[in-house]
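Sharing a structure below in C-alpha cells format, with a few things to ask.
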Amino acid sequence: MFEKVLIANRGEIALRINRACRELGIATVAVHSTADADAMHVRLADESVCIGPPPARESYLNIPSILSAAIITGADAIHPGYGFLSENADFAAMVEEHGITFIGPSPDHIRMMGDKIAAKKAAVGLGIPVVPGSDGPVSDLAAAEQVAESIGYPVLIKAAGGGGGKGMKVAHDRAQLGEAYRLARGEAGANFSSDVVYLEKYLGHPRHIEFQILADSHGNVIHLGERDCSLQRFHQKLVEESPSPALNADQRAALGATVCNGLKKIGYRNAGTLEFLYEDGEFYFIEMNTRLQVEHPVTEMVCGLDIVREQIRIASGAPISIQQDQVRMNGHAIECRITAENPETFRPSPGRITEYHTPGGLGVRVDSALYSGYRIPSQYDSMVAKLIVHGQTRNECLMRLRRALDEYVIGGIETTLPLHRKIAQAPQFVDGAYDIHWLERFVGLKT
Ligand code: MV4
C-alpha cells in the first residue's frame, strides 16, 4: 500500500479523498493555489504545497508544479479527483514516468474514451448497445446527408472531442442539416482541439442513466448498479439518485453484465462510468468517464462500498474488496448538488459564509469543504456542498431529503438550497416520472 498520496484537487472532493487515505493509514499531501491557502482541504491534509496563483491554469492544471510537489514531498501516488487533470492522459503518463502511481485508468484508456468516436467504436465491438449513427467521423455535408437519410431524422451532430453537450446541433430535417453541420464543426473546432464531428439519431425524451464500474489488475470487473442523472440544467447535474426509478433488477443485471464483460476484454483498470441514454425501454451508450464522479456517493450509500478506497487499493495492486455476487443494492439514495448561485437566475454568488449548520441524523451525509467564516473564491466551480440522503425505500429517502434540506443553513451567500426544496416537493420528481428535459421546464416555470 502507498505511504503518501498527493491529492491534485480542491474543495469537497479533496476532503473526500483525504478521508479515504486516512482510513487506509496513508499520509496525505494537499496542493493549493494562493486563493485556497485557508481552504479546508489544506487544513485537513498532513502536508500542503502552494502550486501557483488563483487561475486554475496556473495552479490546479499546472502539471510541472504538481509533479514537483509530489517529488519534493515524496508522494508515491497521485489522486486527481474529478475535473482538472483527472481525464488528461498526458498527465497520467507523466505521473507514471516519474515513478509515481496515477490513481486511475491507464493513459491509453483515458485517451481512447476521451475520443467519443473511438469510445463508441469500442462499445460496438464489445456488444454494448449504442445510438444508431455514423460509424466514424462525418467529414463533409454529403456524408452527413447520407447517414441522416439512412437512420432517419431528427439527427444530432456531435464533436468527437466533446462531451458535456458543447458543439451539439440537432437537425429535424434535411433543410436544417447544412446549417447544423457547419455550426457543430465550427463550435467543435473553437472549443476542442479538433473539428471532427459524428452523427447520431436524436433521442427526444431520454433519461440519463450511468453504470458505475470497478476493475482491478487481476481481471476482476464489477458494477455497482446505476445512477439516474436526468435532473440537469444546461448540462449541469443538480440531483442524482440510485437506483433509477425507471429500471428493474433484470435490466440492471443484464446491462451490468454486458459492460463488465466488455471492460474485462479491454483490460480496463480502476473506476469508470458508462453513460447511457434510456428511452422507451432501450439503452444507448453515449460516453465513458474514466474518473471518479461527483455523484459517486449515491452509489456508495446504496452499495455500502467506499469507491475512493477501492480506487486506491486497486492502484496499489490489490484486488477489489468484493465480488459481483456480494454487491447488495440496499435501499435508495439521492444527492443534491448545492451551488453558490442565485436559485432563480443561477448567477454565481461567491463570498463569506457567515452562518453554517449542517443537517444530520440517520442516513444523512454532507460532503462539503465549507465552514463558518470561509470565503468562497470566485475562480472555481460554484458547487459548495453535496447533500446525500439514504433511506430503505425511495419514499423514505424523499421524506428524509426534505427534512435534511430544511435543517441545512448556509448564511452569507445565495445558494440553490431553496430550489432543491422545491424540486424535492415536485410531483413529477416524487413520481420519478422525469426525463433530461423536465428540470429545465420546471425551473423555467418557477413554481
Ligand atoms: C444525446 C441526446 C439525444 N440524442 N444524443 C448531452 C451531453 C452529451 N454528453 C450527450 N448529450 C446528449 N446526447 C442523442 N443521440 C441528448 C443529450 C442531452 C443530454 C444527455 C444527458 C444528460 C443531459 C442532456 C441534456 C441535453 C441533451
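Indexing begins at 1, ligand by ligand and atom by atom, following the structure's order. Because the structure is a prediction, the values reported are computed rather than measured.
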Residue pairs fulfilling ring pair (Phe, Tyr, Trp, His ring centres under 6.0 Å) with at least one residue in residues 133-179, sequence neighbours excluded:
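Qualifying pairs: none.
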Would you find more than 12 non-hydrogen atoms of other residues, nucleotides or ligands less than 6.0 Å from N191 atom CG?
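Enclosed: over 12 neighbouring heavy atoms sit under 6.0 Å from CG of N191.
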Q | K201, any N or O under 3.5 Å of ligand 1 N or O | A |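 Yes; the residue has a nitrogen or oxygen that sits under 3.5 Å from a nitrogen or oxygen of the ligand.
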Quick note on ligand 1: atoms under 4.0 Å from a heavy atom of H208 include exactly 21 (C), 22 (C)
* Asked: Any idea which protein heavy atom is nearest atom 25 (C) of ligand 1, and the distance to it?
  ->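 Here the closest protein heavy atom is Q232 NE2, 3.3 Å.
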Pair Y60 + Y380: ring centers closer than 6.0 Å: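 Yes, the ring of Y60 comes within the 6.0 Å limit of the ring of Y380, centre to centre.
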**cation_pi(R291, F102) dist<6.0 Å, angle<=45** =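 Judged by the rule, R291 and F102 form no cation-pi pair.
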A student checking ligand 1 against H235 at a 4.0 Å heavy-atom cut-off should list atoms 6 (C), 7 (C), 25 (C), 26 (C), 27 (C)
Per-atom filter on ligand 1: closer than 4.0 angstrom to a heavy atom of V131 are 15 (N)
Q. In terms of the angle between their ring planes, are Y434 and W438 parallel, tilted or perpendicular, with boundaries placed at 30° and 60°?
A.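 Taking W438 first and then Y434, their aromatic rings sit tilted (interplane angle of 30° to 60°).
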For atom 7 (C) of ligand 1, the closest protein heavy atom turns out to be G165 N, 3.5 Å
Does an N or O anywhere in C229 fall below 3.5 Å from an N or O of ligand 1?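 N/O-N/O distance below 3.5 Å does not exist for this pair.
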For K158, run the salt bridge (charged side-chain N to carboxylate O under 4.0 Å, His left out) check against E287, E200, E187 and tell me which one passes.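 Testing K158 for a salt bridge (charged side-chain N to carboxylate O under 4.0 Å, His left out) against E287, E200, E187 leaves exactly one candidate, E200.
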Ligand 1 atoms nearer than 4.0 angstrom to some heavy atom of Y202 are 3 (C), 4 (N)
For E287, the ligand 1 atoms with a heavy-atom partner under 4.0 Å come out as 8 (C), 9 (N)
* Measure the acute angle between the ring planes of F276 and F285, then classify it against the limits of 30° and 60° as parallel, tilted or perpendicular. => perpendicular
ask   = Closest non-hydrogen protein atom to atom 3 (C) of ligand 1, residue and atom name please, with distance?
value =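 That would be L203 O, 3.4 Å.
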Ligand 1 to I286, heavy atom cutoff 4.0 Å, flagged ligand atoms 10 (C)
Of all protein heavy atoms, the one nearest atom 11 (N) of ligand 1 is M168 SD, 3.6 Å
Pick one: which of E240, E335, R227 meets side-chain hydrogen bond (donor to acceptor under 3.5 Å, both in side chains) with T299?
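When E240, E335, R227 are each tested with T299, the side-chain hydrogen bond (donor to acceptor under 3.5 Å, both in side chains) holds only for R227.
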Among non-hydrogen protein atoms, atom 14 (C) of ligand 1 lies closest to L156 CD2, 3.4 Å
**Asked** Could an N or O of ligand 1 be found under 3.5 Å from any N or O of K158, whether backbone or side chain?
**Response**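 Indeed, backbone or side chain, K158 has an N or O that close.
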Test side-chain hydrogen bond (donor to acceptor under 3.5 Å, both in side chains), reference N270, set H109, E310, Q311, output is Q311
Note: heavy atom closest to atom 18 (C) of ligand 1, options L277, L439, I436, belongs to I436
Regarding ligand 1, does E200 bring an N or O atom to under 3.5 Å of one of the ligand's N or O atoms?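 Such a contact does occur with ligand 1.
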CD of Q428: more than 12 outside heavy atoms within 6.0 angstrom?
yes
